[in-house]
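Quick note on labels: first sequence line is chain A, next is B, and so on, each numbered from 1.
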Amino acid sequence: MKKPSIPKGTRDFSPAEVTRRHYIMDIIKSCFTNYGFQPIETPSFENSETLMGKYGEEGDRLIFKILNSGDFLRKVNDVMMTEKDSIKITSKISEKALRYDLTVPFARYVVQHQNDITFPFKRYQIQPVWRADRPQKGRFREFFQCDADVVGSKSLWQEVELVQLYDAVFSKLKLNGATIKMNNRKILSGIAEVIGAEDKLIDFTVALDKLDKIGEDGVKKEMREKGISESAIEKVQPLFSMQGTANEQLESLKDLLSASQVGMQGIEELSFIINKVSQLGLETATLAIDVTLARGLNYYTGAIFEVSAPEGVSMGSIGGGGRYDDLTGIFGMKDVSGVGISFGLDRIYLVLEELDLFPSTVTANTKVLFINFGEAESLYAMKAIKQLRAKGINAELYPDNAKMGKQMGYADKRDIPYTILAGGNEMEAGTYTLKNMKSGEQDTVQLNGVIQILS
RNA sequence: GUGGUUGUAGCUCAGUUGGUUAGAGCGCUGGUUUGUGGUACCAGAGGUCGCCGGUUCGAACCCGGUCUUCCACCCCA
């Protein structure tokens with residue numbers, strides 16, 4: 001028989017892995033709650049029309065489509081079959097698709113439940129998403145996103161809070177040295193405007209985004225290939241050598257963008273955020289301006305966030321987000337501004353693992369294993385176990401009357417710190433022999449003594 | 001989606017220009033030790049060499065396809 005397997009880009013999680021994932025999730029969740037966000041959940045699949053076209057052409061390709069039930073080919077006529085136009089046929093045979101991110105379903109949720117929601121609405125959502133991407137390290141076809149978004153407020157204090165929220169989570173995870181990079185879509189628009197390449201904004205920003213990867217010459221080459229004029233590229237030269245403190249960078253941006261109203265507004269917004277965050281202070285993260293930061297979905301209209309792991313860790317971004325003024329607009333609800341951030345759980349896991357940052361106490365394990373000596377002894381053990389459990393002490397009985405060596409070995413393998421030996425002698429005396437598996441020491445005590453030591 | 005890469009025991013990996021019965025370490029099972037695990041010693045089990053097909057007298061090794069892994073591009077958490 002063929003060995004069973006799971007699809008490419010998906011994973012099983014062992015008890016140790018799930019425990020560690022919960023450790024991360026619990027910290028994120030507690031910070032979300034601490035900042036006033038409330039949880040919602042949405043279905044793992046949506047109507048295709050909700051998702052399609054929201055992530056660009058590339059995004060559509062990466063959305064997992066769900067085949068219709070029943071005789072789905074009936075709706076496809078022979079002309080379409082012979083044309084072999086996959087996109088046309090897809091819309092006929094598939095009407096549902098797996099969630100690609102949490103932001104678009106959230107926008108749908110807000111529009112759909114607008115009458116029940118009190119704005120500004122702060123929601124968090126921790127659920128898996130699916131992308132039909134080709135897997136790589138830190139890139140899966142099923143992975144968890146942890147999103148916190150606010151809709152219904154244009155206040156820049158939200159951005160300030162979200163930066164603090166990033167800092168709070170990474171600090172609690174002991175993940176020191178994370179860099180929160182910020183940019184503003186209006187600054188990018190302003191640059192495009194100033195250099196006269198407004199129509200090529202996306203091409204321009206995508207190329208600019210690759211600066212640290214392919215270098216100045218590479219970016220210029222790509223811009224030329226996309227049809228951006230030589231004079232425009234020349235004007236943009238200051239961006240390649242942007243350095244110094246945040247304020248210095250903002251100053252040189254002001255010089256560059258003085259002619260652009262949009263651009264100046266972007267600078268103003270970014271200044272506000274940088275300024276307020278610096279007055280409030282951050283624990284362990286660093287906030288930095290990155291004018292080349294253009295990643296993210298086409299719908300960002302203001303702030304853009306991206307978090308990179310501490311230096312030396314080879315991992316893409318471990319978080320991202322931004323402000324989108326028009327997101328609910330695509331579902332017919334105007335003038336509702338939203339801003340949010342996302343944590344990439346799976347990538348954070350890999351970073352914590354690489355840096356060995358999981359606390360050793362992250363093992364929700366049994367505290368004490370009772371050795372099984374037979375039926376009467378087991379009942380004696382179970383009575384004690386019942387009381388230990390009532391006290392919140394994780395306890396269990398080895399289920400079979402196996403050889404002691406095997407039972408002790410089991411405790412050892414599972415890293416159970418204590419064992420209890422209670423045979424005929426102990427039963428007669430009403431005591432328990434408690435053994436510390438690490439030191440090898442053992443003591444015969446009453447049940448109260450056991451509770452005291454294990455509490 | 002494009003190009004490349006990887007796959008041999010539960011795990012990490014050897015395996016000669018294609019040649020008899022495919023190996024090691026760790027792990028596992030049993031024993032030395034029937035109320036004492038982690039260390040030691042002894043013995044043992046476990047592999048249609050990812051899968052399918054082809055070339056050959058003969059394939060883990062060569063060729064094609066496919067799946068998987070990782071990498072680059074694309075894009076992204």
Scan [X] against the nucleic acid and name what it touches under 4.0 Å (heavy atoms): base, sugar-phosphate only, or nothing.
X: A:Gly59; value: nothing
X: A:Phe140; value: base
X: A:Gly56; value: nothing
X: A:Val129; value: nothing
X: A:Gly424; value: base
X: A:Glu426; value: base
X: A:Gly423; value: base
X: A:Ile318; value: sugar-phosphate

Pick the [atom1] atom in [N] and in [M], then give their distance to the nearest Å.
N: B:A43; M: B:A60; atom1: C1'; answer: 29 Å
N: B:U68; M: B:U55; atom1: P; answer: 28 Å
N: B:U21; M: B:G58; atom1: P; answer: 15 Å
N: B:G38; M: B:A77; atom1: C1'; answer: 41 Å
N: B:U33; M: B:C41; atom1: C1'; answer: 13 Å
N: B:A9; M: B:G1; atom1: P; answer: 29 Å
N: B:U6; M: B:G50; atom1: C1'; answer: 11 Å
N: B:G54; M: B:A59; atom1: P; answer: 12 Å

*5' priority, RNA chain B, between A:Glu441 and A:Ile6 [closest heavy atom]*: A:Glu441
*Want to settle it: does A:Ala132 or A:Gln145 sit nearer the 5' end of RNA chain B, counting the closest nucleotide to each?*
A:Ala132
Going by modelled atom types, is there a donor-acceptor pair between the base of [N] and the side chain of [X] at under 3.5 Å?
X: A:Arg347; N: B:C76; result: yes
X: A:Arg139; N: B:C75; result: yes
X: A:Arg414; N: B:G37; result: no
X: A:Gln442; N: B:U36; result: yes
X: A:Asp412; N: B:G38; result: no

Look at the side chain of [X] and decide which nucleotide, out of [options], has an atom nearest to it.
X: A:Pro135; options: B:U69, B:C75, B:G35; answer: B:U69
X: A:Leu421; options: B:G3, B:G35, B:C70; answer: B:G35
X: A:Arg131; options: B:A77, B:G35, B:G3; answer: B:A77
X: A:Lys137; options: B:C75, B:G35, B:C70; answer: B:C70

Can you find a side chain N or O atom of [X] that sits less than 4.0 Å from OP1 or OP2 on [N]?
X: A:Gln136; N: B:U69; answer: no
X: A:Lys8; N: B:U68; answer: yes
X: A:Lys403; N: B:G31; answer: yes
X: A:Lys438; N: B:G37; answer: no
X: A:Lys210; N: B:C74; answer: yes
X: A:Lys413; N: B:C28; answer: yes

*Given ring pair (Phe, Tyr, Trp, His ring centres under 6.0 Å), test A:Phe170 with A:Phe343 step by step and report yes or no.*
CA-CA 10 Å; A:Phe170 293 126; A:Phe343 292 82; 5.6 Å; yes
Side chain of [X], backbone of [Y]: donor and acceptor closer than 3.5 Å?
X: A:Arg185; Y: A:Tyr324; value: no
X: A:Arg141; Y: A:Trp130; value: no
X: A:Thr301; Y: A:Asp325; value: yes

Salt-bridge test for [X] and [Y]: reply yes if a basic N is under 4.0 Å from a carboxylate O, no otherwise.
X: A:Glu396; Y: A:Arg414; result: yes
X: A:Glu216; Y: A:Lys220; result: yes
X: A:Arg123; Y: A:Asp149; result: yes

*Using both distances under 3.5 Å as the test, list the Watson-Crick or G-U wobble partner of B:C41, or none.*
B:G31
*Pair assignment for B:U12, Watson-Crick or G-U wobble, requiring both distances under 3.5 Å*: B:A24
Atom [atom1] of [X] to atom [atom2] of [N]: distance rounded to whole Å?
X: A:Met408; N: B:G37; atom1: CE; atom2: P; result: 7 Å
X: A:Phe370; N: B:G37; atom1: CZ; atom2: C1'; result: 17 Å
X: A:Asp133; N: B:C75; atom1: CG; atom2: P; result: 11 Å
X: A:Arg11; N: B:U69; atom1: CZ; atom2: P; result: 11 Å
X: A:Phe64; N: B:G1; atom1: CZ; atom2: P; result: 10 Å

*Please indicate yes or no: is the ring centre of A:Phe143 less than 5.5 Å from the centre of the six-membered base ring of B:A77, with the two planes inclined by under 30 degrees?*
yes
*Does the side chain of A:Glu269 come within less than 4.5 Å of A:Arg323's, by heavy atoms?*
no
